[in-house]
Amino acid sequence: MVFLILKLLWERVFGTDYIDIGNEAAGGRLDIAICNAGGGVGSPEETRASIVEEDLVGIVLARNLTGTINTCRAVAAPMKVQRSGKIITIVSQAGHRIESNGGYTHCGAAKAAVTKYTQYLARDLGPFDITANCVAPGYISTVRLAPLLNAMGDTQLENVPLGRYGTPEDCAGVIEFLASNLSDYVTGAIIPVDGG
């Protein structure tokens with residue numbers, strides 16, 4: 001699904017078919033990088049702050065924070081040479097809101113770390129005309145989350161002013177903005193896509 005969103009986003013932003021960055025037709029440039037890897041392991045009950053196991057913390061930090069740092073380090077080098085680029089990290093509201101039962105601590109801490117890393121990256125790469133911004137989705141009805149959201153019913157929607165779960169298209173619109181020249185003077189921003 002992530003590839004499909006990126007393909008659709010590419011076609012909306014550039015008006016052309018998707019081009020792999022390894023393709024010579026792209027001119028050897030790397031203009032946009034989207035870091036969307038992540039996820040947690042374990043149940044909310046076993047990942048409460050006071051009992052979460054170190055191995056679960058390590059897995060989640062590697063997926064979320066270390067993966068993002070490695071990706072950003074790799075894309076920053078060519079972007080610095082060309083003196084332009086857009087880096088977009090995707091986190092979640094877990095990095096900003098604490099679950100009522102204190103569960104999924106490791107995931108929230110990792111997402112908060114990615115958010116702060118993105119702000120440091122914006123400061124570091126700004127002199128090269130490279131922007132770094134973060135999208136922080138709330139409850140988005142993806143193939144993976146739809147069964148969980150359906151099981152929760154409307155209880156979570158009571159806290160969402162727009163009264164609905166988000167869609168991948170809601171996130172894609174914000175990513176499209178950040179990937180386009182409309183956001184050339186936006187860097188270090190954390191943009192919630194959470195219905196309020």
Side-chain angles (χ1 to χ4, degrees), residues 1-2 4-6 9 33-52 56-69 71-72 86-122 131-179 183 186-196:
M1 184 181 80
V2 172
L4 176 61
I5 291 171
L6 293 178
L9 181 63
I34 302 171
C35 305
N36 190 38
V41 292
S43 71
E45 289 302 316
E46 67 184 326
T47 58
R48 290 175 181 252
S50 62
I51 62 168
V52 64
L56 295 180
V57 173
I59 292 167
V60 171
L61 285 174
R63 268 189 203 164
N64 291 272
L65 180 60
T66 306
T68 296
I69 290 171
T71 300
C72 291
K86 307 259 185 187
I87 298 173
I88 303 162
T89 59
I90 313 295
V91 293
S92 74
Q93 286 299 312
H96 305 284
R97 282 191 222 143
I98 298 169
E99 293 295 322
S100 60
N101 68 359
Y104 249 44
T105 301
H106 57 337
C107 194
K111 295 300 187 180
V114 170
T115 299
K116 190 51 74 176
Y117 173 76
T118 304
Q119 291 175 318
Y120 276 103
L121 195 63
T131 63
N133 292 290
C134 188
V135 176
Y139 291 111
I140 305 298
S141 187
T142 61
V143 172
R144 184 174 66 95
L145 286 182
L148 174 66
L149 298 177
N150 289 336
M152 291 190 310
D154 292 341
T155 57
Q156 294 297 325
L157 291 179
E158 295 170 5
N159 299 318
V160 179
L162 290 181
R164 67 175 177 84
Y165 294 120
T167 66
E169 292 79 12
D170 292 323
C171 292
V174 175
I175 294 167
E176 179 180 11
F177 164 72
L178 292 173
S183 68
V186 178
T187 195
I190 313 305
I191 301 177
V193 182
D194 62 358

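Quick note: residue numbers are just sequence positions, from 1.
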Asker: Find the distance between CG (Asp194) and OG (Ser92) and round it off to the nearest 0.5 Å.
Answerer: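 One finds 11.0 Å between CG of Asp194 and OG of Ser92.
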Asker: To the closest 0.5 Å, what do you measure between CD1 (Ile88) and SG (Cys134)?
Answerer: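 Going from CD1 on Ile88 over to SG on Cys134, the span is 10.5 Å.
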Asker: Taking the side chain as every heavy atom from C-beta outward, state whether Leu145 and Tyr139 have any pair of such atoms under 4.5 Å apart.
Answerer: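 No, every pair of side-chain atoms sits at 4.5 Å or beyond.
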Asker: Say you draw a straight line from CD1 of Ile87 to SG of Cys72; how long is it, rounded to the nearest 0.5 Å?
Answerer: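 Ile87 atom CD1 to Cys72 atom SG measures 5.0 Å (nearest 0.5 Å).
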Asker: Between Thr187 and Ala132 (side chain of the first, backbone of the second, donor and acceptor by atom type, cut-off under 3.5 Å), is there such a pair?
Answerer: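 At least one qualifying donor-acceptor pair exists.
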Asker: Heavy atoms only: give me the nearest Leu149-Ser141 pair and the separation to one decimal.
Answerer: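 Looking at all heavy atoms of both residues, the closest pair is CD1-CA, 3.7 Å.
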Asker: Would you say Asn133's side chain and Val186's backbone share a donor-acceptor pair under 3.5 angstrom?
Answerer: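 Yes; at least one donor-acceptor contact below 3.5 Å.
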Asker: Test your reading of the model: is there a side-chain donor-acceptor pair from His106 to the backbone of Val41, 3.5 Å cut-off?
Answerer: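 Judged by distance alone, yes, a pair lies under 3.5 Å.
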Asker: Please name the pair of heavy atoms, one in Cys107 and one in Gly39, separated by the smallest distance, quoted to 0.1 Å.
Answerer: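 For Cys107 versus Gly39, the nearest heavy atoms are SG-C, 4.4 Å.
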Asker: Drop me the distance from Arg48's CZ to Thr105's OG1, to the nearest 0.5 angstrom.
Answerer: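 Rounded to the nearest 0.5 Å, the CZ-OG1 separation comes to 9.0 Å.
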Asker: Can you name the nearest heavy-atom pair linking Val135 to Pro137, along with the distance?
Answerer: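 That would be O-CD, 3.3 Å.
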Asker: Check Pro192 against Gln93 and note the closest heavy-atom contact, atom names and distance.
Answerer: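 Residues Pro192 and Gln93, closest heavy atoms: CB-NE2, 3.6 Å.
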Asker: Just verifying a value: how many Å separate Ile59 CD1 and Thr66 OG1, rounded to the nearest 0.5 Å?
Answerer: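 Answer rounded to 0.5 Å: 12.5 Å.
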Asker: For Gly40 and Tyr104, work out which heavy atoms get closest and say how close.
Answerer: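 Heavy atoms of Gly40 and Tyr104 come nearest at C-OH, 3.5 Å.
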Asker: Testing the basics here: between Ala110 and Val60, what is the closest heavy-atom pair and its distance to 0.1 Å?
Answerer: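 Nearest pair, atom of Ala110 first, then Val60: CB-CG1, 4.0 Å.
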Asker: If only atom types and distance count, is the side chain of Ser183 paired as donor or acceptor with the main-chain N or O of Leu178 below 3.5 Å?
Answerer: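 Checking the backbone N and O of Leu178 against the side chain of Ser183, a donor-acceptor pair under 3.5 Å is found.
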Asker: If only side-chain N and O atoms count, and only distance matters, is there a donor-acceptor pair under 3.5 Å linking Thr89 with Thr68?
Answerer: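 No.
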Asker: Quick one: pull up CG in Leu56 and OG1 in Thr47 and give me the separation to the nearest 0.5 Å.
Answerer: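 If I round to the nearest 0.5 Å, the distance is 7.5 Å.
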